[in-house]
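Notes follow once the structure below has been shown.
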Amino acid sequence: MPATSATVADDRLREEVRLLGGLLGDVIRVEGGQDLYDRIEAVRVASVAYHRHAGARGSAELERLLNELSLEDAVGLAHGFAVFSLLANVAEDRAGKRRARMQTAEGARPDTPEGALARLTAAGRTVEEARALLSEALISPVLTAHPSEVRRKSVLDRIAAVSDLLDARDDSDTPEVEDNGLRRQTVILWATRLVRTTGLVVQDEIDTVVSFLERVFLKVAPEQLIDWRKRLDAPGMAPFIRIGAWVGGDRDGNPNVDANALRAAFATPAKAVLRHYLEQVNVLGAELSLSGSLATISPELKALAEGSGDDSAHRADEPYRRALSQIYARLSATHPILTGQTAPRPAPFDAPPYAGPGEFRADLAVLHDSLVVNHGQVFADDSLSRLIATVDVFGFHMATLDLRQNSDVHARVVGELLKVAGVCPDYAALDEEARLALLAAELAAPRLLFSPYATYDPETLKERGILEAAAEALRMFGPDAIRTHIVSKTDAASDMLEVYLLLKEVGLYRPEAPGECPIQAAPLFETIDDLRAAKPTLERLFKEPSALAVAQARGVQEVMIGYSDSNKDGSYLTSTWELHEASRALLSVTQAAGLRLQLFHGRGGAVGRGGGSSFAGVLSQPTGTVAGRIRITEQGEVIANKYGEPDVARRNLDALTAGTLIASLAPPPDDAMTKKHGETASALSVASMAAYRALVYETPGFVDYFRAATPINEIAELKIGSRPTSRSKSMAIEDLRAIPWVLSWSQSRVMLPGWFGFGSAVAGQDVAELAEMAKEWPFFRTLVQNMEMIMAKSDMTIARRYASLVPDQTLSATIFGALQAEWDRTRDAILAITGQADLLGGQPELDRLIRLRMPYVEPLNHVQIELIRRRRAGDDDPLVREGILLAINGVAAGLRNSG
């Protein structure tokens, strides 16, 4: 029987896991001692027995081993399993790459360029239509600093080094040489702190995002653009992938983001991209040694060379080199203007700085055109072409930065400006229509509200300073530097007009030319109530000439929809359905206004925060809501998992592109399915929300259970982000940020946000109809598959041990019993709908991967429980805390999409 891509990839995966596990075992013996190695192995075996017998047998041996652990051994054990989780993830990622390559060769992947174009052809669509769509498309993964990435950058660097060595080992005739390198990297990883001892600041987060931009995106995004240009025979096609970022611009709930942080969010990537351009121009200068006496050149190149300040006699007859010397000098002069620092290797002569990336690109195009016209197509696809494509994608700013702030902050700032200016003594007391009328009048007035001689609250001065820095960035980096100001907690049209008024105060919104405002206010609808009110809110906004003028000038109104808070508000099923319905409603509003809708999906890594396959997620969107434009947040650990190395990043960018093409030109029958099954989906949503809220918001003692049966308090000490875990000091679920909410349930292996409520909702429904929905409707199929995946990662046997941490065991038994009963109902419902005997029965590859991970994740759960028990009993030894955080780190790494 011939081997399939899955079996070959699985065989290689097991081989690499054994290799890395063996190397780590040797390192533990040498570095940690044989006794530690033996204890690690004993706990692993006992954990397997505990899981295999569902806790009924094997429990006594596991408890004995854990109770006997010294503090040093417990920390060593947590460290060991966490390191193994990281190494096994490297092997798993490599298996995924091999599987993807083989499946592409077999023609089995619709999420590839080949598969997408084949699917479009089968649907009767043409290459011309694909080319036209992508020529005006916007596909934007937006990198955020939302704190669910528990791995330090030092750890991520070691993981990348191990992956590179495994790649080299595949191609080597002497793999033992690479094995020595692997052993060296394993020793370094073992001896590297996995958890941070100090909290992150915003600059740390900026540096992390820029490291991905520089190491991965700078190479991959231009290559992808060039490849799609060739496939579609569109050499001049504009970039459709635009990398976005939030770090340094997202100040919602983060008091550490100020004007200086925003300036750093531009200066840091500018350093990286300008350094890259300088290096590439220098390389081209070494290569393009063509003599003017031997090669024909264009008049434009001749003029560029003659205008160069390079007076070296050695290059007197080398026009390309003289032109490149001038380009280098201009880049060198641009560097201090954009970064505040001198270029790493300044030019030997002065030259005027570039006013923007367009001038730089134009100079490069002069060289390129001269080479192609005079020497042919051998120069059409070379390093100079790739550099031009890189400038097309990244400019001088690298990533488009979004601004974000909470609407309550805007209202307070606007209120103070109006009060101090003598316009309105109490803006907060006005109703919505009165606010809109006042804001419209101020937006039409030429005067400003702010006075440099008045006294203002620090919050007002801080917000004004940030927007002044934004205006400065737009002047320095151009219109693509900042495009959007997102308004969190939007529940009224006035929330957007307040943004335009604040932009007017810094000269970005001008009453005489509102359509020229470079920043669009975009509402963020997050809670269930906000999603349900999204349609009338947007309709009311478009009645305001100011907001409508900005949208008409762009032809697009962006709207962000939030997955996390809507899930925490009403359950995974309800959140997903309300997002679907809000998207359809928003589309009708924009179409009625003669505009296109650009949805920005605020997804996280975990299913409870919108996680899952990006390709499937795009295809599950309502008909017409993609239309060539989609933005998606990439948060926390997902950034490293999806974009940590070039091959994986390319595959994910192609999957987003393929999904956008298919959803736009050959969409699944969402409208027909919604019409046929919408009432059923709505009924399921209502029932799910009722069951969910009955537990989370209406069960006495639930908050106490949650805070005792999960490591929520310990997660607050993990130092994985610059934002606090809660919006206030309140202990209520409503005030807890969605990320620690989801991460806590993931750590305790309940995964509640990803499935709770579905089993109760399905009870009494027509299973045959639900099975048809899962088969024919991508929206419902994706929903079920995501729940199936997250339930396969849950483990109620381990969750029962976390429940033992609750001091009130009566409360513990009551709530855990409710969790177990709903888990059973949901599993049974999924199996009935899919017709499978087991969870993931229809996704064998994913099932094998999860089964591979669990033996090294489960011991970490058990050690975490033991150390939490000791700490809560009063043991305040710093090693206890370190061991808990190591275990949290390892479990998150092993589960992969936990935050």
Side-chain angles (χ1 to χ4, degrees), residues 132-140 238 240 242 244 400 402-404 407 410 432-433 435-446 467 470-471 474 478-487 490 492-525 533-561 582-600 622 624-631 664:
L133 182 90
L134 285 187
S135 294
E136 297 184 354
L138 175 69
I139 305 169
S140 181
F240 50 85
R242 292 289 191 181
T400 298
D402 287 343
L403 306 179
R404 184 172 80 132
S407 62
H410 293 151
E432 173 64 3
E433 288 305 315
R435 286 190 181 195
L436 287 170
L438 176 57
L439 292 168
E442 288 300 320
L443 285 169
L467 295 181
L474 286 164
D480 286 331
I482 304 172
R483 302 276 298 166
T484 306
H485 192 308
I486 297 157
V487 185
T490 293
S494 61
D495 295 334
M496 266 67 69
L497 262 59
E498 288 165 359
V499 171
Y500 290 126
L501 183 60
L502 294 175
L503 292 175
K504 173 175 175 267
E505 289 292 307
V506 297
L508 292 177
Y509 178 97
R510 294 182 295 117
E512 71 276 14
E516 295 178 9
C517 183
I519 297 177
Q520 183 177 68
L524 167 52
F525 300 112
K535 183 175 185 286
T537 299
L538 197 63
E539 286 175 330
R540 183 63 187 85
L541 179 68
F542 287 159
K543 293 179 181 179
E544 295 299 322
S546 53
L548 185 60
V550 176
Q552 287 175 332
R554 294 190 178 200
V556 170
Q557 174 64 53
E558 180 166 311
V559 177
M560 186 172 185
I561 50 177
S583 298
R584 296 176 72 237
L586 290 165
L587 178 64
S588 70
V589 177
T590 51
Q591 287 178 334
L595 300 167
R596 287 182 294 171
L597 173 66
Q598 182 171 294
L599 282 178
F600 184 8
T625 59
V626 177
R629 307 187 73 86
I630 189 167
R631 301 180 73 214
S664 303

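Scanning all heavy atoms of the two residues, the minimum distance from Glu544 to Ala440 falls at OE1-CB, 3.7 Å. When all heavy atoms of Pro511 and Pro446 are compared, the pair lying nearest together is CG-CA, 4.4 Å. The minimum heavy-atom distance between Gly515 and Ala553, with the atom names listed, is O-CB, 3.1 Å. Annotation for Tyr500 and Tyr509: closest pair O-CB, 3.7 Å, computed over non-hydrogen atoms. Taking every heavy atom of both residues into account, Ala470 and Leu403 meet most closely at CB-CD1, 4.1 Å. Heavy atoms only, all atoms of each residue included: Val487 and Ser407 are closest at CG1-CB, 3.7 Å.
Rounded to the nearest 0.5 Å, atoms OG1 (Thr590) and CZ (Phe542) are 6.5 Å apart. In this structure, Ser494 OG and Leu439 CG are separated by 6.5 Å, a value rounded to the nearest 0.5 Å. Leu436 CG to Lys543 NZ: the interatomic distance, rounded to the nearest 0.5 Å, is 10.5 Å. Taken to the nearest 0.5 Å, the CG atom of Leu467 stands 5.5 Å off from the NE2 atom of His485. For the atom pair CD1 of Ile561 and CZ of Phe525, the computed distance is 10.0 Å after rounding to the nearest 0.5 Å. From Leu438, atom CG reaches atom CG of Leu501 across 8.5 Å, with rounding to the nearest 0.5 Å.
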Check your understanding: For Asp480 and Arg242, what are the C-alpha separation, side-chain angles and deciding distance, and is it a side chain to side chain contact (heavy atoms under 4.5 Å, CB included)?
Key -> CA-CA 10 Å; Asp480 286 331; Arg242 292 289 191 181; 4.3 Å; yes
Exercise for review: Show the numbers, then the answer: is there a side chain to side chain contact (heavy atoms under 4.5 Å, CB included) between Glu433 and Arg540?
Suggested key: CA-CA 10 Å; Glu433 288 305 315; Arg540 183 63 187 85; 2.9 Å; yes
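Residue-environment remark: CD (Glu432) exceeds the threshold of 12 foreign heavy atoms within 6.0 Å.
Salt-bridge check for Lys535 with Glu539: passed, with a basic side-chain N closer than 4.0 Å to an acidic carboxylate O.
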Which donor-acceptor pairs under 3.5 Å do side chains of residues 591-599 form with protein atoms, sequence neighbours excluded?
| unit_1 | atom_1 | unit_2 | atom_2 | d |
| --- | --- | --- | --- | --- |
| Gln598 | OE1 | Arg629 | NE | 2.7 |
| Gln598 | OE1 | Arg629 | NH2 | 3.1 |
| Gln598 | NE2 | Glu558 | OE1 | 2.5 |

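Within the 4.5 Å cutoff, no side-chain heavy atoms of Gln557 are placed close to those of Val589. A heavy-atom distance below 4.5 Å is not found between the side chains of Pro523 and Asp495. A 4.5 Å side-chain heavy-atom check between Pro518 and Leu508 finds at least one atom pair inside the cut-off. With a 4.5 Å cut-off on side-chain heavy atoms, Phe600 and Leu524 do not count as touching.
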